[in-house]
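Every chain is numbered from 1, with letters handed out A, B, ... down the list of sequences.
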Amino acid sequence: GAGVSQSPSNKVTEKGKDVELRCDPISGHTALYWYRQSLGQGLEFLIYFQGNSAPDKSGLPSDRFSAERTGGSVSTLTIQRTQQEDSAVYLCASSLGLTDTQYFGPGTRLTVL
Amino acid sequence: AQTVTQSQPEMSVQEAETVTLSCTYDTSESDYYLFWYKQPPSRQMILVIRQEAYKQQNATENRFSVNFQKAAKSFSLKISDSQLGDAAMYFCAYSPAGSEKLVFGKGTKLTVNP
């Protein structure tokens with residue numbers, strides 16, 4: 001079946017602009033995760049959803065980052081007033097249940113000029 | 001804090017040979033999961049193998065196998081009969097049982113020479 005999909009594949013934006021990154025999980029997967037992969041920090045966990053609920057937002061780097069998930073499916077990660085340090089690959093993963101194996105999408109490469 | 005360490009930033013292997021990638025982790029938990037993910041240039045993280053800590057038997061998936069040493073907190077990946085398509089970044093990851101997140105190592109870049 002179809003895997004996790006993310007859009008856009010690449011995004012170039014100017015400092016100060018807002019961006020939205022989209023993740024479409026594997027059908028039937030109830031859990032969804034966002035990670036950030038950057039050269040200096042490696043892979044870091046940002047946030048997870050169980051259904052539409054995100055119980056713990058403490059992994060988000062700043063209050064400029066927010067995420068939502070509607071209908072238990074598609075999720076959007078929004079970065080407001082982007083900064084150059086936000087440049088990274090943003091990876092989304094989904095799993096059948098909260099502690100099941102996570103399957104990753106191809107990521108969105110964000111470049112902030 | 002839970003940490004995962006991959007001490008080999010880069011490794012290389014000749015095609016058809018065997019290579020072992022190292023991973024150690026630090027945790028006070030007794031029940032957890034360990035993973036190896038492969039990330040080729042396409043960026044897609046692909047699950048290679050998964051190990052449950054309560055299982056003593058080492059996990060295997062075709063040419064991929066692990067050496068899980070719970071007391072030593074070591075989880076190495078062995079790739080047998082290496083193929084050109086195995087060239088990628090390999091990430092070791094840890095997840096406590098009941099937890100929602102993966103903790104990743106910094107990765108090992110594997111080059112396969114023809």
Judged by modelled atom types alone, do B/S82 and B/Q14 share a side-chain donor-acceptor pair under 3.5 Å? no
Which one of A/S95, A/A93, A/G59, A/S9 has the most heavy-atom pairs closer than 4.5 Å to chain B? A/S9
Between B/Y94 and B/Y32 (judged by ring centroids, cut-off 6.0 Å), do the two rings come close enough to count as a pair? yes
What I want to check is whether the side chains of A/Q102 and A/Y48 have a donor and an acceptor closer together than 3.5 Å. no
Measuring heavy-atom distances to chain A, does B/S42 have an atom under 4.5 Å in its side chain, in its backbone, in both, or in neither? backbone
Kindly assign one of parallel, tilted or perpendicular to the pair B/F104 and B/Y37, based on the angle between their ring planes and the thresholds 30° and 60°. tilted
Give, as side chain, backbone, both or neither, the part of A/I47 having an atom under 4.5 angstrom from any heavy atom of chain B. neither
I'd like to verify something: which residue of B/Q44, B/R43, B/R50 has the highest number of heavy-atom pairs under 4.5 Å with chain A? B/R43
Which portion of B/L47 sits near chain A, non-hydrogen atoms under 4.5 angstrom: side chain
Honestly, the part of A/E44 sitting under 4.5 Å from a heavy atom of chain B is neither
Any chance the side chains of A/T101 and B/Y33 put a donor and an acceptor closer than 3.5 Å? no
From the list A/Q6, A/Q50, A/R109, the residue making the most non-hydrogen contacts under 4.5 Å with chain B is A/R109
